[in-house]
Engineer: 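Encoded as structure tokens, here's the structure I'll be asking about.
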Amino acid sequence: MRHDSAPRTGAQGTDPEGHPEVRRLTTRQAAERLGVKPETVYAYVSRGQLASTRTPGGRGSTFDAAEVDALARRTGRREPPAAAGGDLVFRTGITLVEPDRYFFRGVDATELARHHGFEEVAEWIWTGELRPGIRFTAAAGPLAAARLTAASLPRLSSATDRLRAAVAAAAAADPLRFDLSPEGVLNSARSLIPTLVGALPPAGRPAEGGEDGGEDEGSLAARLWPKLSARPADAAALAVLDTALALLADHDLAASTLAARVAASTHAHPYAVVSAGLGVLEGPLHGAASGPAHRMLSEVVDRGGAAPVVADHLRAGRRIPGLGHRLYTGEDPRATALFALLDAMPQAAPAMAAARDVVATAARHTPLHANVDLALAAFSVACGMPAQMGETVFAVSRTAGWLAHASEEYAEPPLRMRPSGQYVGPRPPRRLPEPRPVASGPGASGSGAGGSGTDESPAGGTSG
């Protein structure tokens with residue numbers, strides 16, 4: 001984990017000897033500049049029209065940006081081919097991801113998060129305007145409905161369970177949810193995010209559904225903190241949480257964002273868009289990925305070193321959590337920003353030492369770098385938060401990005417995302433199937449004389 005100002009492959013600068021640094025592009029970025037498919041980029045390489053360099057670890061290629069631009073001038077940039085057969089292309093003005101950093105509306109996202117709080121960054125993502133000191137306020141009716149519904153769930157329900165229930169309840173309590181105008185979506189966004197925070201119970205206390213107090217006091221990070229930890233927050237820890245919220249607000253077309261845009265393309269209201277995003281975010285390979293990293297770091301701290309913990313993961317055939325990101329050639333810039341803040345927190349020293357030990361130990365096996373999940377895990381371990389803390393922060397923060405993408409998608413032709421399936425079943429026509437006798441008697445499965453099978457039964461299907 002490097003916190004110094006090492007040369008970047010995605011930005012123009014100078015190398016350690018003062019020579020101009022060559023800016024590199026990924027295959028996807030080169031294809032976008034040329035207006036072609038990635039396959040065509042490699043065709044240019046095979047014909048000698050473009051040079052490529054393998055990335056460390058052999059997980060892709062990079063291209064000289066100046067050479068790509070020169071080829072674009074010679075060949076004439078073409079519009080990207082129309083989406084067909086599931087090859088979806090989205091024009092978006094929200095987030096650009098480069099090999100070593102990412103941008104919100106053209107501004108370095110880590111710099112934005114370093115100088116501005118989450119609400120200000122969210123407002124920038126939504127409107128392209130910076131509004132210092134802005135605070136989001138929950139509407140009383142949707143907040144009350146969200147809190148009561150979230151509190152009615154079983155005691156061991158996760159925070160994400162409660163957030164999903166809260167969104168549905170808040171939607172039912174908002175008669176203006178069907179207003180898809182830009183201003184209507186903005187109003188929904190500014191109200192829904194604090195509603196999600198307000199619906200969560202305080203850490204270490206059962207959910208009761210009553211008034212919690214202080215729902216509109218202070219920054220959103222200050223309101224979220226007591227839902228994550230029973231410990232009082234100091235300024236440094238609160239700054240880490242606020243920065244994490246800002247950094248995670250969007251990340252181009254991640255899986256949950258794609259789901260949100262699909263929902264928006266049907267003109268589903270903003271609450272339904274967020275519900276779609278939350279459903280995907282809960283996957284262990286997306287928003288819930290920081291939980292395994294938290295448990296791993298806790299074990300490293302307890303056992304006094306990463307070597308036996310990493311060995312156990314590899315012996316069991318499990319990937320080492322918190323390492324590697326398909327969009328970045330080096331350390332995830334979100335992790336770099338959070339590590340720098342955590343280094344200034346004395347109580348984070350054991351967790352940070354554990355994270356560094358994991359990266360160093362794993363580097364002997366595979367050249368992977370820390371990602372944001374490892375940074376969130378170091379933060380949650382340092383502050384005594386539960387393992388699901390990272391997932392909760394991810395969900396609250398990424399709601400801003402989902403709604404930004406929804407606002408873009410509402411302006412596009414509706415229902416434009418309809419990929420075609422590639423059928424691989426038996427060739428038709430086939431005869432009607434022969435009925436299969438239904439077993440009877442105690443313990444028999446299937447429908448009996450007085451019942452019928454359901455789509456939920458193991459042998460049942462689901463509607464398309």
Engineer: Where the side chain of Asp357 meets the backbone of Ala306, is there a donor-acceptor pair that is under 3.5 Å apart?
Structural biologist: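 Yes, the answer is positive, given that a donor and an acceptor are paired below the 3.5 Å cut-off.
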
Engineer: Taking all heavy atoms of Thr392 and all of Ala159, pick out the closest pair and write down the distance.
Structural biologist: OG1-CB, 3.3 Å

Engineer: If you compare all heavy atoms of Gly305 against all heavy atoms of Val309, which two are closest, and at what distance to 0.1 Å?
Structural biologist: O-CG2, 3.9 Å

Engineer: Main chain of Ser188, side chain of Tyr271: is a donor-acceptor contact present, judged purely on distance under 3.5 Å?
Structural biologist: no

Engineer: Main chain of Gly93, side chain of Arg105: is a donor-acceptor contact present, judged purely on distance under 3.5 Å?
Structural biologist: yes

Engineer: Measure across Ala395 and Leu278 and return the closest heavy-atom pair with its distance rounded to 0.1 Å.
Structural biologist: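 Looking at all heavy atoms of both residues, the shortest contact is CB-CD2, 3.7 Å.
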
Engineer: Is the backbone N or O of Leu247 less than 3.5 Å from a side-chain atom of Arg334, with the two atoms forming a donor-acceptor pair by type?
Structural biologist: no

Engineer: For Ala165, check side-chain contact (heavy atoms from CB on, under 4.5 Å) against everything at least two apart and list the hits.
Structural biologist: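 Here the qualifying residues are Thr149, Leu153.
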
Engineer: For residues 287-301, dump all side-chain donor-acceptor pairs below 3.5 Å to protein atoms at least two apart in sequence or in another chain.
Structural biologist:
residue, atom, partner, partner atom, Å
His294, ND1, Ser380, OG, 2.7
Ser298, OG, His294, O, 3.1
Glu299, OE2, Arg303, NH1, 2.8

Engineer: Give the ring-plane orientation class for His325 versus Tyr328, where under 30° counts as parallel, over 60° as perpendicular and anything between as tilted.
Structural biologist: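 It falls in the tilted class, 30° to 60°.
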
Engineer: Using the six-membered ring wherever Trp is involved, compare the ring planes of Phe379 and Trp225 and label them parallel, tilted or perpendicular (cut-offs 30° and 60°).
Structural biologist: tilted

Engineer: Do the charged groups of Arg190 and Glu123 touch, with an N to O distance under 4.0 Å?
Structural biologist: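 Here Arg190 pairs with Glu123 in a salt bridge, since their nearest N and O are under 4.0 Å apart.
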
Engineer: Does the pair Arg28/Asp252 count as a salt bridge with the N-to-O cut at 4.0 Å?
Structural biologist: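 Looking at Asp252 together with Arg28, the answer is yes, because their closest N to O distance falls below 4.0 Å.
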
Engineer: Could you check whether Asp343 pairs with Arg356 (Lys NZ or Arg NE/NH1/NH2 to Asp/Glu carboxylate O, under 4.0 Å)?
Structural biologist: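 Arg356 and Asp343: salt-bridged.
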
